[in-house]
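Accompanying notes for the structure given below.
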Amino acid sequence: MLKNGSSLNYQNHFRIGGVKISLDGSPQGKTAWLTQPYLVPPEGKSKDYRGYPAYPDIKQVQDAINLAYQNHWQILAHANGDAAIDQYLTTIDKANTQYGYADRRNVIIHAQTMREDQLDQAKKLGLIPSFFSLHTYYWGDWHKHETLGAERANRISPTGSALRKNMIFTEHHDAPVIPPKNMMVIDATVNRTTRSGDVLGEDQKVSPYIALKSVTDWAAYQYFEEKNKGTLEQGKLADLVLLDQDPLKVPSQKIKDIKILATYKEGRLIYQRPQ
């Protein structure tokens with residue numbers, strides 16, 4: 001993978017990591033493409049409004065996926081709604097059949113409304129979901145009462161289901177959509193607490209250890225960089241942070257309050273918190 005396409009070599013701390021395709025919009029904006037209607041449709045839309053695809057013609061998507069396979073490019077597909085995820089899974093399945101199963105590590109970005117059957121198929125196809133669990137905090141109440149309803153909202157970013165299926169997954173903050181604060185990402189992945197204090201999907205919670213893996217170990221693997229990054233081991237890059245508390249030991253509700261004391265890149269101090 002990537003031998004003839006995207007490069008694993010950095011120049012000035014930058015490399016091309018793959019290609020992105022956006023298949024739908026966002027659930028908070030009621031533009032994600034769903035298989036079931038939104039709880040409250042946008043003004044002027046019918047009760048069966050389900051959002052819409054970015055590419056109504058699946059052939060366009062298939063052609064783009066095939067082009068990536070032909071050039072050995074890793075694919076990172078934005079797909080929030082389960083209908084968009086269905087479209088992505090269908091095209092990946094066909095591409096795998098045509099071009100062969102390889103270590104491509106293609107990604108489903110956001111995967112907000114991913115169903116159990118879709119997780120099963122994604123695992124079979126070798127796809128990695130990159131969840132946006134901070135939705136539980138920033139838009140959790142909105143999803144529960146406006147966009148998805150309680151049942152679907154409880155499955156936003158189904159990390160617990162993915163873990164039970166022995167899948168790896170990653171987490172992201174999607175800046176500048178929300179502030180790039182990784183302790184909040186970890187907190188939301190562990191606690192799934194909305195702004196009003198509700199918990200969205202108790203069975204989708206994961207441990208602080210797993211949440212940490214999703215932004216370190218598994219994140220490095222997702223981008224083919226596990227030999228150099230992701231864990232503290234001899235011979236790997238000294239890319240790390242110093243925290244004022246241990247996220248594995250503090251009460252889970254306090255994870256978001258952990259402060260970064262210093263940041264190191266390749267062993268060099270690049271940030272230190274003012275005293």
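Quick note: numbers below take in every heavy atom, side chains included, and nothing from hydrogens, waters or symmetry partners. Fair warning: this is a prediction, and the values are worked out from it, not measured in the lab.
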Whether D187 side chain and M183 backbone form a donor-acceptor pair below 3.5 Å: no
Test: R195 cationic atom under 6.0 Å from Y138 six-membered ring centre, within 45° of axis: no
Spacing of L148 atom CG and K30 atom NZ [to the nearest 0.5 Å]: 10.0 Å
Single-linkage hydrophobic cluster, 4.5 Å side-chain cutoff, L243 and V215 together: yes
Heavy-atom side-chain contact between L134 and W139 under 4.5 Å: no
Shortest non-hydrogen separation from I108 to M114 and the atoms involved: CD1-CE, 3.5 Å
Any donor-acceptor N/O pair, R152 side chain to H143 backbone, under 3.5 Å: no
Separation of T170 OG1 from Q222 CD (nearest 0.5 Å): 3.5 Å
Minimum heavy-atom distance between T113 and Q118, given as atom pair plus value: O-OE1, 4.1 Å
Ring centers of H13, Y10 separated by less than 6.0 Å: no
Note, K124 side chain near D93 side chain (heavy atom, < 4.5 Å): no
Y38 (side chain) donor-acceptor with K47 (main chain) under 3.5 angstrom: no
Heavy-atom neighbours of K45 NZ exceed 12 at 6.0 Å: no
Criterion side-chain contact (heavy atoms from CB on, under 4.5 Å) on T193 and Q253, from CA distance to verdict: CA-CA 9 Å; T193 305; Q253 295 294 335; 3.9 Å; yes
Salt bridge flag under 4.0 Å for residues E225 and R15: yes
Electrostatic pair K59-D63, nearest N-O below 4.0 angstrom: yes
Side chains of K236 and T231, donor plus acceptor under 3.5 Å: yes
Minimum heavy-atom distance A211-I186, with the two atoms named: CB-CG2, 3.8 Å
Geometric class of the H78/H110 ring pair [parallel <30°, tilted 30-60°, perpendicular >60°]: perpendicular
Derivation and outcome, side chain to side chain donor-acceptor pair (under 3.5 Å), residues S161 and E116: CA-CA 7 Å; S161 291; E116 292 288 320; 2.5 Å; yes
Heavy-atom neighbours of Y209 OH exceed 12 at 6.0 Å: no
Trace of the side-chain contact (heavy atoms from CB on, under 4.5 Å) decision for W142 with T194: CA-CA 9 Å; W142 178 254; T194 73; over 6 Å; no
Residues D141 and S196: side-chain donor-acceptor under 3.5 angstrom: yes
Straight-line distance of D57 CG to Q60 CD, nearest 0.5 Å: 5.0 Å
Pair listing, side chain to side chain donor-acceptor pair (under 3.5 Å) test, anchored in residues 258-275, at least two apart: D239-K265
Hydrophobic cluster identity match, L248 and L163, side-chain contacts under 4.5 Å: yes
Side-chain H-bond candidate by donor/acceptor type, S46 with D48, under 3.5 Å: yes
side-chain contact (heavy atoms from CB on, under 4.5 Å) between L200 and R155, intermediate numbers included: CA-CA 7 Å; L200 280 188; R155 284 190 51 80; over 6 Å; no
Side-chain heavy-atom pair H173, N182 within 4.5 angstrom cut-off: yes
Non-hydrogen side-chain atoms of V61 and L23 separated by less than 4.5 Å: yes
Q112 and H135: side chain donor to acceptor below 3.5 Å: yes
ILVMFWY network linking L39 to W33, side-chain heavy atoms under 4.5 angstrom: no
Distance (rounded to the nearest 0.5 Å) between T159 OG1 and D203 CG: 9.0 Å
SB check D82 R115 (cutoff 4.0 Å): yes
K165 backbone acceptor or donor facing K123 side chain under 3.5 Å: yes
side-chain contact (heavy atoms from CB on, under 4.5 Å) assessment of N106 paired with Y88: CA-CA 11 Å; N106 294 321; Y88 185 42; 3.6 Å; yes
pair Q62-Y55: side-chain heavy atoms closer than 4.5 Å: no
Single-linkage hydrophobic cluster, 4.5 Å side-chain cutoff, L261 and V250 together: no
Within 6.0 Å of CG in L269, more than 12 heavy atoms from elsewhere: yes
Donor-acceptor pair between S252 and N191 side chains, under 3.5 angstrom: yes
R192 side chain vs G140 backbone, donor-acceptor pair below 3.5 Å: no
Residue pair N96 / Y69, side-chain donor-acceptor N/O under 3.5 Å: yes
Considering all heavy atoms, the nearest Q245-P247 contact: O-CD, 3.3 Å
Approximate separation, where rounding is to 0.5 Å, of I128 CD1 and Y221 OH: 6.0 Å
Flag side-chain contact, heavy atom, 4.5 Å: R104 against Y99: yes
Separation between CG of D86 and CG of L34, rounded to the nearest 0.5 Å: 11.0 Å
Atom CD of E151: over 12 foreign heavy atoms under 6.0 Å: no
Y137 with V199, same ILVMFWY side-chain cluster at under 4.5 Å: no
Side-chain heavy-atom pair N154, E202 within 4.5 angstrom cut-off: no
Nearest non-hydrogen partners of G17 and Q74, listed with the distance: O-OE1, 2.9 Å
4.5 Å side-chain heavy-atom contact, P53 and D24: no
Heavy-atom neighbours of K256 NZ exceed 12 at 6.0 Å: yes
Flag, side chain of T91 to backbone of Q87, donor-acceptor distance under 3.5 Å: yes
Closest non-hydrogen atom pair, F131 against A162: CE1-CB, 4.1 Å
